[in-house]
Amino acid sequence: MNILAIESSCDETAAAVIKSTGQRSCKILSNIIASQAEIHAKYGGVVPEVAARSHIEVIIPVIEKALGEAKLNWQNIDAIAVTKGPGLIGSLLIGVLTAKILAEIYKLPLIGINHIFAHPFANFLTDNPPKFPLLALIVSGGHTQLMLVEKNLKFNLLGATCDDAAGEAFDKIAKLIGLGYPGGPAISKTAQDGNKNKYQFPTAKLDYDLDFSFSGLKTAVLRQVLEIVGQSRGNLKKSYDLSPKITSDIAASFQANVVSVLVEKTLLAKSKFQPKTVVVGGGVAANTLLRQTLTKAIPQAQFVEPILCTDNAAMIGALGYQMARLKMFIRPEELKADSSLETI
Ligand code: KG4
Ligand code: ZN
């Protein structure tokens, strides 16, 4: 089975062709990503209207390129999988409308994909696909949650963030210490030169031990920065000019704090729910320290290469393939873009 997958929930226009290679596994025939990161960098974050306009401009060429690189034409495609939410509504609409039109023209079944559920499924694009039930740590720009996924694709929420997502915390702290957007890769790089023990930031104590909270950490970093620059909490700036040494020490201390929380909760969920596999997905899964620390704690934990951790269409195709096997198709008139699609 060959699946054409489309992703346009935020600032990446992506299309991929996925070929099934076994009951659980599939492989990537092509994986095209047109990133708008450079366009949004000058605004310090994603501008929704600019993102939607950019998706319109490139979505058809991106899909054509995906088919071309896969050396296939529409006659070889068996289904179209597309992200239906959550995300920016204008961005989602472009992908969903394009998928519906193509499905009508080429008479292909459609699969509507929850972007957040697709992230851990990037791990199925390998020769060693995960086994169910699988424990997924999902760490993206807008979501941080632990899920237990069953063979019938039932996603059970075990814990989630009460406030900021891990990726969001990376982005906000990066901005605060002058590292710009996107923040995750910048913090990770700067932290390499820093001392992670320099600043002791607190970790949140929560009623439910598989939930997360990063807003207290964010405030603690802000307080530390204000102390360093000698400013009281009055006139807060968006960004502070710090010395390279202080910047890298803050980046390293902040990153170590987030990573230790993510690893500790994943270990706890693993011992409570005894999954057959542990996988990590979402942009923050590209973080080197998280990969090293979690691998030390859970040697069998699976990650994919960084390009498949951040937004891409191959992961949409991987979940699409599992849904196609269960005949979870959707009629075009029922498929709707849903910016606040539930992820529980
Ligand atoms: O999954 P993703 O590409 O998009 C969403 O679905 O949100 O995740 C984007 C998030 C951003 O917050 C970005 O800063 C973070 O992933 N990220 C990282 C790294 N690469 C991307 N965070 C930490 N370390 C990284 N290397
Ligand atoms: Zn994502």
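Counting convention: from 1, in listed order, for ligands and their atoms alike. Each residue takes its place number in the sequence, starting with 1.
Applying the 4.0 Å criterion to heavy atoms of Asp311 picks out, from ligand 1, the atoms 1 (O), 2 (P), 3 (O), 4 (O), 5 (C), 6 (O). The contact set between ligand 1 and Gly142, taken as ligand atoms under 4.0 Å from a residue heavy atom, comprises 7 (O). For ligand 1, the atoms closer than 4.0 angstrom to any heavy atom of Ala286 are 26 (N). Applying the 4.0 Å criterion to heavy atoms of Gly167 picks out, from ligand 1, the atoms 12 (O).
Results of the side-chain contact (heavy atoms from CB on, under 4.5 Å) test with Leu146 over Asp211, Asn156, Leu268, Leu210 single out Leu210 as the only residue that passes. Test Ile246, Asn257, Val221 against Tyr199 for side-chain contact (heavy atoms from CB on, under 4.5 Å) and you get one pass: Ile246. Only one option out of Leu262, Asp163, Val139, Asp164 pairs with Phe212 in a side-chain contact (heavy atoms from CB on, under 4.5 Å); it is Leu262.
The nearest non-hydrogen atom to atom 21 (C) of ligand 1, considering only Ser9, Gly283, Gly281, comes from Gly283. Distances from atom 25 (C) of ligand 1 to the heavy atoms of Gly184, Ala174, Gly282, Ala285 show the closest one on Gly184.
Ring planes of Phe155 and Phe117: parallel class, angle under 30° (limits at 30 and 60°). Note on ring orientation: taking the six-membered ring where Trp is involved, the planes of His115 and His119 are perpendicular (angle over 60°, cut-offs 30° and 60°).
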Going through the checks in order, is the ring pair (Phe, Tyr, Trp, His ring centres under 6.0 Å) test met by Phe170 and Phe254? CA-CA 8 Å; Phe170 268 93; Phe254 162 80; 5.2 Å; yes
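A 4.5 Å side-chain heavy-atom check between Leu153 and Leu319 finds at least one atom pair inside the cut-off. Under the 4.5 Å side-chain criterion, counting only non-hydrogen atoms from C-beta, Val50 is in contact with His40.
Put simply, His143 stays out of reach of the Zn ion (ligand 2), with no N, O or S atom under 2.8 Å from it. The Zn ion (ligand 2) has an N, O or S atom of His119 closer than 2.8 Å.
Considering backbone and side-chain atoms together, Asn287 places an N or O closer than 3.5 Å to an N or O of ligand 1. Between Val139 and ligand 1, no N or O atom pair is found at a separation short of 3.5 Å.
Contacts between His119 and ligand 1, counted as non-hydrogen atom pairs separated by less than 4.0 Å, involve the side chain only. Looking at His115 against ligand 1, only its side chain comes within 4.0 Å, counting heavy atoms. Contacts with ligand 1 closer than 4.0 Å are made by side-chain heavy atoms of Asp171 only, the backbone lying farther away.
For Asp311, the N, O or S atom with the smallest separation from the Zn ion (ligand 2) is OD1.
With hydrogens left out, the protein atom closest to atom 10 (C) of ligand 1 is Gly141 N, 3.6 Å, a heavy atom.
At distances below 3.5 Å, at least one donor-acceptor pair connects side-chain atoms of Thr126 with backbone N or O atoms of Asn123.
A salt bridge does not link Lys175 to Asp171: none of the charged side-chain nitrogens sits closer than 4.0 Å to a carboxylate oxygen.
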